[in-house]
Amino acid sequence: YKWGGGGMIGTPTDLIKLAKGYFDGFLTDDILAELWTSQQTNDGEATGVGIGWRIGHDFMGRPIRHHAGSMNGARSVLILYPDEKTAIATTTNIRWSSAIERNAQVLLEALLHSDPKKKITLKSYDLKGTFKGKVTETKLHLDGVQGYLSAPEALKEWFKQETIERLPIFHLHHDWWAMVTPLGILNLELVFDEKNVKGNMQLSEQSTWTFESQ
């Protein structure tokens with residue numbers, strides 16, 4: 001049953017057809033409210049999961065209803081944006097990619113809201129920061145609305161990619177950038193002033209990479 005629901009014989013188009021049923025009146029508002037209301041534990045604590053849907057927010061703070069899963073040979077995600085009546089689905093032919101939900105969110109941000117006006121001239125910064133308690137040293141190289149960060153050793157270990165040297169980045173809008181990593185495309189925040197830059201990227205709920213120019 002998983003193969004057709006986002007597995008090896010399912011497609012993103014199939015998943016978007018499912019999403020349309022939630023936006024075109026096939027289900028009543030009362031049913032949607034029931035499906036999209038978080039369940040509670042016996043002591044009243046919200047679980048963050050409704051009936052078949054996880055309840056949350058994307059990295060920009062917008063409400064989302066989503067679910068992801070995997071089986072041998074495939075991993076998929078479907079994210080619904082109730083306020084915008086928009087959805088995005090992605091599938092990949094690997095068994096596991098822990099960042100697939102945020103990968104889809106950043107892709108949607110690029111498709112619908114990207115407005116790269118941060119015309120930064122050619123610049124390079126030496127950065128120092130921390131990741132999982134380890135000191136990181138890296139370089140940020142920018143040329144207009146794109147560039148790259150050199151991958152510090154701590155992130156190479158996290159990605160399990162010892163040979164990766166550069167993490168390409170592309171400007172979305174304001175302080176938000178898209179970063180291409182071995183886990184997928186993740187959101188990166190870069191805040192500039194006249195001479196310095198600060199940044200952070202959340203790789204998981206427990207792990208955030210923070211850094212600033214020296």
Side-chain angles (χ1 to χ4, degrees), residues 38 45-49 54-70 75 77 79 81 88 90 92 94 96-110 113-114 116 118 120 123-142 145-193 195-214:
S38 175
E45 183 178 353
T47 64
V49 180
R54 297 167 183 161
I55 316 299
H57 296 82
D58 71 359
F59 71 93
M60 296 293 293
R62 292 183 291 256
I64 57 174
R65 309 293 182 261
H66 61 107
H67 214 294
S70 63
R75 179 150 163 77
V77 63
I79 303 178
Y81 285 74
I88 185 167
T90 65
T92 180
I94 58 176
W96 187 250
S97 173
S98 59
I100 194 170
E101 289 93 342
R102 221 148 16 105
N103 183 94
Q105 293 171 22
V106 176
L107 286 174
L108 186 69
E109 193 70 23
H113 305 289
S114 181
K118 194 181 286 290
I120 299 171
K123 286 186 178 181
S124 293
Y125 299 88
D126 291 316
L127 307 174
K128 191 171 185 178
T130 58
F131 176 67
K132 294 182 73 67
K134 295 183 178 180
V135 174
T136 62
E137 292 185 354
T138 184
K139 286 185 178 292
L140 170 62
H141 180 87
L142 295 174
V145 295
Q146 60 185 349
Y148 65 84
L149 278 156
S150 59
E153 293 300 321
L155 262 69
K156 290 182 181 181
E157 294 176 11
W158 174 263
F159 294 138
K160 298 180 180 179
Q161 295 280 343
E162 294 298 326
T163 59
I164 188 169
E165 297 298 333
R166 293 182 176 183
L167 300 167
I169 62 173
F170 303 89
H171 187 230
L172 293 172
H173 55 78
H174 302 296
D175 297 327
W176 290 105
W177 297 68
M179 172 182 278
V180 182
T181 81
L183 297 181
I185 304 173
L186 305 181
N187 53 290
L188 169 71
E189 185 177 23
L190 294 176
V191 180
F192 295 87
D193 60 25
K195 296 181 179 180
N196 301 303
V197 59
K198 294 183 178 180
N200 74 85
M201 180 174 67
Q202 188 175 16
L203 287 120
S204 70
E205 291 185 2
Q206 297 80 28
S207 302
T208 301
W209 180 30
T210 60
F211 51 81
E212 59 183 292
S213 54
Q214 301 184 64

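In this chain, residues are counted from 1 in sequence order. Because only heavy atoms are used, hydrogens play no part in the values below, and waters and symmetry mates are left out as well, while side chains stay in. Small disclaimer: the values here were computed from a predicted structure and weren't measured.
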Q: Looking only at non-hydrogen atoms, find the nearest pair between S150 and P152 and report the distance.
A: O-CD, 3.2 Å
**Q.** T130 side chain near T210 side chain, heavy-atom distance below 4.5 Å
**A.** yes
Q | Distance in Å, W177 CH2 paired with L172 CG, rounded so as to fall on 0.5 Å steps | A | 9.0 Å
**Q.** Residues K156 and E165 bridged, charged N to O under 4.0 Å
**A.** yes
Q: Begin with the C-alpha distance, continue with both residues' side-chain angles, and end with the deciding distance and a verdict on side chain to side chain contact (heavy atoms under 4.5 Å, CB included) for M201 and T208.
A: CA-CA 6 Å; M201 180 174 67; T208 301; over 6 Å; no
Q. Checking N200 side chain against W209 main chain: does a donor-acceptor pair fall under 3.5 Å?
A. no
Q | Any donor-acceptor N or O pair under 3.5 Å, side chains H173, E109 | A | yes
Q: May I ask you to decide if V77's main-chain N or O and T90's side chain share a donor-acceptor pair within less than 3.5 Å?
A: no
Q: Enter the distance from L190:CG to H174:NE2 here, rounded to the nearest 0.5 Å.
A: 14.5 Å
Q) Can you name the side chain to side chain contact (heavy atoms under 4.5 Å, CB included) partners of V191, sequence neighbours left out? A) D175, E189
**Q.** Donor on one side chain, acceptor on other, D58 and Y81, under 3.5 Å
**A.** yes
Q: Please identify each residue that fulfils ring pair (Phe, Tyr, Trp, His ring centres under 6.0 Å) with F170, with sequence neighbours left out.
A: none
Q.
One pair to check against side chain to side chain contact (heavy atoms under 4.5 Å, CB included): N187 and R102. What are the steps and the verdict?
A. CA-CA 8 Å; N187 53 290; R102 221 148 16 105; 3.0 Å; yes
Q: Go through the structure and list residues passing salt bridge (Lys or Arg N to Asp or Glu O under 4.0 Å) with E162, not counting sequence neighbours.
A: none
Q | Worked verdict on L140 versus L142 for side chain to side chain contact (heavy atoms under 4.5 Å, CB included) | A | CA-CA 7 Å; L140 170 62; L142 295 174; 3.9 Å; yes
Q) Judged by atom type as modelled, is there a donor-acceptor pair below 3.5 Å linking the side chain of R166 to the main-chain atoms of G147? A) no
**Q.** Salt bridge flag under 4.0 Å for residues E157 and K134
**A.** yes
**Q.** Under the side chain to side chain contact (heavy atoms under 4.5 Å, CB included) test, residues paired with T47 that sit two or more places apart
**A.** S38, Q39, T41, V49
Q. Roughly how far apart are I164 CD1 and T181 OG1, rounded to 0.5 Å?
A. 7.0 Å
Q: Report the residues that fulfil ring pair (Phe, Tyr, Trp, His ring centres under 6.0 Å) with F59, sequence neighbours left out, ordered by chain and then residue number.
A: W176
Q.
So which atom in M179 and which in L188 form the shortest heavy-atom distance, rounded to 0.1 Å?
A. CE-CD2, 3.8 Å
Q) Mind checking what makes ring pair (Phe, Tyr, Trp, His ring centres under 6.0 Å) contact with Y148, not counting sequence neighbours? A) H141
Q) Quick check: does any side chain N or O of R54 sit under 3.5 Å from a backbone N or O of I64, one acting as donor and the other as acceptor? A) no
Q: Can you measure from CD1 (I185) to CG (L107) and round to the nearest 0.5 angstrom?
A: 4.5 Å
Q. Which of these passes ring pair (Phe, Tyr, Trp, His ring centres under 6.0 Å) with F131: F211, F159, W158?
A. W158
Q: For the pair E101 and R75, evaluate salt bridge (Lys or Arg N to Asp or Glu O under 4.0 Å) and give the outcome as yes or no after the intermediate values.
A: CA-CA 11 Å; E101 289 93 342; R75 179 150 163 77; 3.7 Å; yes
Q: Spell out, as yes or no, whether a donor-acceptor pair under 3.5 Å connects the side chain of S213 to the backbone of Y125.
A: no
Q) Would you say L127 and L149 make side-chain contact, with heavy atoms under 4.5 Å? A) yes
Q: Please round to the nearest 0.5 Å and tell me the distance separating atom NZ of K128 and atom OG1 of T138.
A: 13.0 Å
Q: Output the distance between atom CD1 (I79) and atom CD1 (I100), rounded to the nearest 0.5 Å.
A: 9.0 Å
Q. What do the steps show when you test I55 against R65 for side chain to side chain contact (heavy atoms under 4.5 Å, CB included), and what is the final call?
A. CA-CA 5 Å; I55 316 299; R65 309 293 182 261; 3.5 Å; yes
